[in-house]
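Inspection log for the structure reproduced underneath, given as structure tokens.
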Amino acid sequence: PLFAGMNGSAIENFSCVIYNIFLMNCTWQAGRDAPADTQYFLYWQKSREDNEMECELYIKDENCRNLGCIFQNVSIGSERAYFLVNGSSKDSLIQLYDEYIDLYEIEILTVPLNVAVHCTRDSVGCIITWHPPLTSHVEKAKCFQYEISIQNK
């Protein structure tokens, strides 16, 4: 049954971010009513066609409880990814937590590359150039919008 387990034992505050193009970091908090010996396990599936994968590199708290995971070589597809965190305890059944996430919405983009400023003394002013940030899923540079903040004129 989907909701089997002790109320309040499922994880809380689940969050994932993708950074440095291909690294994904997911974190969560233990359920507020979870027994002290509860251990959590994260699985994710990039798309319906892909196999479900368990975390290979857990982030542990001071009691060696899994409270996060780092995934490497993540690529962003067009489908929503599925995440599931279940748990085990010798004292009770632990409720599972699951969520679908659009990976492109959780990517933290790198800064634009090769930013250059060329200023002249005449009325032309300055020319600022750059290249789009690196990303695993955006192929067209025109998909980006930029904002320039000039601090000192």
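These figures come from a predicted structure and were not determined experimentally.
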In terms of heavy-atom contacts, His131 and Asn114 come closest through ND1-ND2, 3.2 Å
Looking only at heavy atoms, the pair that brings Pro132 and Tyr146 closest together is CA-OH, 3.2 Å
d(Glu107 CD, Thr110 OG1) to nearest 0.5 Å is 8.0 Å
side-chain hydrogen bond (donor to acceptor under 3.5 Å, both in side chains) pairs, two or more places apart, involving residues 26-35: Glu12-Arg32, Asn13-Gln29
Between Asp102 and Arg80, what is the shortest heavy-atom contact and its length? OD1-CG, 2.8 Å
Rounded to the nearest 0.5 Å, what separates atom CG in Leu84 from atom CD in Glu52? 6.5 Å
Kindly indicate whether the side chain of Tyr40, heavy atoms from C-beta on, has any atom under 4.5 Å from the side chain of Tyr97. no
OG1 of Thr38 to CD1 of Ile11, rounded to nearest 0.5 Å, is 12.0 Å
Side chain to side chain donor-acceptor pair (under 3.5 Å) filter on Ser92, not counting sequence neighbours, yields none
dist Ile106:CD1 -> Ile101:CD1 (nearest 0.5 Å) comes out at 5.0 Å
Please check this pair: side chain of Gln72 against backbone of Phe22, looking for a donor-acceptor N/O pair closer than 3.5 Å. no
Roughly how far apart are Asn25 CG and Asn20 CG, rounded to 0.5 Å? 11.0 Å
Quiz: residues 53-62 side-chain donor-acceptor pairs under 3.5 angstrom, not counting sequence neighbours:
| from | atom 1 | to | atom 2 | distance (Å) |
| --- | --- | --- | --- | --- |
| Glu54 | OE2 | Tyr58 | OH | 2.9 |
| Tyr58 | OH | Leu42 | N | 2.9 |
| Lys60 | NZ | Asn66 | OD1 | 2.6 |
| Asp61 | OD1 | Asn63 | N | 2.9 |
| Asp61 | OD1 | Cys64 | N | 3.2 |
| Asp61 | OD1 | Arg65 | N | 2.9 |

Is Lys90 close to Pro35 at the side-chain level, that is, under 4.5 Å between some pair of heavy atoms? no
May I have the step-by-step check of disulfide bond (SG atoms under 2.5 Å apart) for Cys126 and Cys119, ending in yes or no? CA-CA 4 Å; Cys126 297; Cys119 296; 1.9 Å; yes
Indicate yes or no for a side-chain donor-acceptor contact from Tyr43 to the backbone of Asn86 under 3.5 Å, with no hydrogens or angles considered. no
In the single-linkage hydrophobic clustering (I, L, V, M, F, W, Y; side-chain heavy atoms under 4.5 Å), do Ile148 and Val115 co-cluster? yes
Is there a path from Tyr100 to Trp44 through hydrophobic residues (I, L, V, M, F, W, Y) whose side chains come within less than 4.5 Å of each other? yes
Check whether the side chains of Ser149 and Glu147 place a donor and an acceptor atom closer than 3.5 Å, and report yes or no. no
If you measure from CD1 on Ile128 to NE2 on His118, what distance do you get to the nearest 0.5 Å? 10.5 Å
Are the side chains of Leu103 and Met24 in contact, using a 4.5 Å heavy-atom criterion? yes
Give a yes or no on whether the backbone of Gly31 and the side-chain of Ser9 come within a donor-acceptor separation of less than 3.5 Å. no
